[in-house]
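The next block holds one structure in the form of structure tokens; read it before the comments.
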Amino acid sequence: MLDRRVVALMSGALLAVACTPGNRSDTAVISVDGIRQHVTVLAHDSLEGRGTGQRGYDKAAAYVAEQFKRYGLAPGMSDGGYFQPVLFRETSLVPGSASVRVSGPRPMTLTPGVDFVASSDARDTVTAFGGPIVFAGYGVSAPEFQYDDYANIDVKDKVVVVLFGAPASLPANPRAHFSGAEKAKAAAARGARGVITLWTDEAERTAPWTFMERLSHRSGMVWLAPDGSLPAESSSMLGGVVLSPAASARLFAGASTSWARVLETARQGKPQSFALPGEIQVRKASIHREFSAPNVVAKLTGSDPALAEEYVVYTAHLDHDGIGAPMAGDSIYNGAIDNASGIAALLEIARAFSERKERPKRSILFVATAAEEKGLLGAEYYVERATVPVDAIVANLNMDGNHMLFPTRSIVALGAEHSTLADDAAAAAQAAGVELETELMPEQAFFIRSDQYPFVKKGIPALFFVNGTRSSDSTVDGGAVLMNWLGTIYHTPKDDLAQPMHYEAGAKYAEVAFRVGERVANASVRPSWRPGDFFGNRFGTPASRAPAP
């Protein structure tokens, strides 16, 4: 049950928002007050940061389900409920258990936190691997772009060392794709024993080593099948650690190619690989805990008999970091911007659709996901065990980045260039009176870092909405404000209700997402991947690929 403080907020201000128009943004009926009040509830200290597996998350899930019910949306589950239970395994590193040793001409024993960070292992409670060391550039094999770091190296029964990220010569979103879990999959497919990632100066510009060290203390998580088994991708994942920039340079002492030359070749976007001297041994121990936490799913049935069995899916992640390591005496990671603001947009869009006199032709699903912060796990579970046929999902519209930091005149629709959803995004932005951006800090690889990505990997065209960097206030440098927030507030207890938030910008963000969904839901033809698109070619289905000319 929700505690008294949350109930008080719900029964007062939020009931007023639900019953009266409030401060709305014209015909999209998005309420500024609604955005404000939902964020106020979801980022309140009483919800304890909504950590998946913590009691605050369950309170937040109950709150979202209650809003869906209030709006008259049907439960999204076949059992008549709003909750899709997901079984999770949480993993934590045993303190002091991680060790990395390099033997050979220049032996090294690396220091945890200073020289390397390790994450816990979901498969085994004790992880140990080692062997000869081979360097494989970025660890990327991308024949579509005539790039392959593995073309001239045999990594079977060896430990692969790879640079963080992916070649700058690749287009931004495919580059993001290859910079993630694909690296470990590529190494595993070639028989490697483990993967060591090198945190370079380029990686430092994405996130400083101090952030990585802090991140390493967080628990990990995987979703489990109902029978308790690991999904195939998790069960085959290689163990690994990340080396600091200084330790990365030391590893190449005495190598056939210098560290400076390696970095220069990487900057040139050229594949590279060679054996490194010596062997490496890695060992760590993990603690496992299993529990269940839900995705929250609601449905608005479409009005067209021929199209009602097709679905537009809106997603936003409900979780944040919960209770964590104290910073300046505060241990609640409230996640007001990340991502109470996205859930607020999801709820306002759900309400707006429910109040339309005419229902959209296609059906619409609203999914508040669990464990996004642990690896997009709730969204991944949803697409693997979707409540509707996956091939009936025509588009995913994901909201995680409703930054609300200043008056906005632009909205970012990441992924727009890959499908015909670009046309819908452009029209929705124009109707809402804002500019459309389709790229945001490519070096941050945002396209693989939120809940649209599991949908993309199922062949479903998707957009990831982020509030833009262009301010309607000429005295505000929106890009600088966002960078400062990412560097000082993001994933800290400071992302709370005390920070300044521009709720009008939050409502405008929701309006654009609403208008895109309305267009897609009423279109005669479902969205499709652009001809020749990387994601369409790799993941697209017959239903989602563009028809032949």
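What you see is a predicted model, and the numbers here were worked out from it, not measured in a lab.
- One distance of note links CD of E417 with OG1 of T438; it measures 5.5 Å at 0.5 Å rounding.
- Within the 6.0 Å centre-distance limit, the rings of H418 and F447 are counted as a close aromatic pair.
- Look at E518 and R515 and you find no salt bridge, because none of the NZ, NE, NH1 or NH2 atoms lies under 4.0 Å from a carboxylate O.
- With hydrogens and angles disregarded, a donor-acceptor distance shorter than 3.5 Å links the side chain of Y57 to the backbone of P294.
- Between the side chain of S471 and the backbone N or O of P407 there is at least one donor-acceptor pair closer than 3.5 Å.
- F353 pairs by the ring pair (Phe, Tyr, Trp, His ring centres under 6.0 Å) definition with F514, not counting sequence neighbours.
- Salt-bridge check for K508 with E511: passed, with a basic side-chain N closer than 4.0 Å to an acidic carboxylate O.
- Side-chain contact, S341 with Y503: no donor N or O sits under 3.5 Å from an acceptor N or O.
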- CA sep, side-chain torsions, deciding dist, call: F274, I153, side-chain contact (heavy atoms from CB on, under 4.5 Å): CA-CA 7 Å; F274 52 87; I153 194 77; 5.6 Å; no

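- At a threshold of 4.5 Å between non-hydrogen side-chain atoms, the residues P360 and R362 do not count as touching.
- In summary, E264 and R261 do not engage in a salt bridge, as defined by a charged side-chain N under 4.0 Å from a carboxylate O.
- Using modelled atom types and a 3.5 Å distance limit, the side chains of S419 and D533 yield no donor-acceptor pair.
- Residues K458 and E384 are paired through a salt bridge, judged by an N-O separation under 4.0 Å between the basic side chain and the carboxylate.
- Taking the six-membered ring wherever Trp is involved, the centroid distance between the rings of Y381 and F88 does not fall below 6.0 Å.
- Here the NE2-CG distance, from H403 to N467, works out to 7.5 Å after rounding to the nearest 0.5 Å.
- Remark: the backbone N or O of E373 is paired with a side-chain donor or acceptor of D319 at under 3.5 angstrom.
- Annotation: side-chain hydrogen bond (donor to acceptor under 3.5 Å, both in side chains) contacts involving residues 476-485, sequence neighbours excluded, comprise W485-Q499.
- Residues N537 and W529 fail the side-chain proximity criterion, which asks for heavy atoms closer than 4.5 Å.
- A heavy-atom distance below 4.5 Å is not found between the side chains of F446 and V466.
- The aromatic ring centroids of Y147 and Y138 lie 6.0 Å or more from each other.
- Between L251 and W259 there is no side-chain heavy-atom pair separated by less than 4.5 Å.
- Contact detail for V39 and A344: the closest heavy-atom pair is CG2-CB, 3.8 Å.
- Nearest heavy atom pair, residue N334 against residue H320, reads C-CD2, 4.0 Å.
- When every heavy atom of S410 is checked against every heavy atom of E437, the shortest pair comes out as OG-OE2, 2.7 Å.
- With sequence neighbours excluded, the residues that form a side chain to side chain donor-acceptor pair (under 3.5 Å) with H177 are Y453.
- The pair D424-R526 fails the salt-bridge criterion, with no side-chain N (NZ, NE, NH1 or NH2) lying under 4.0 Å from an Asp/Glu carboxylate O.
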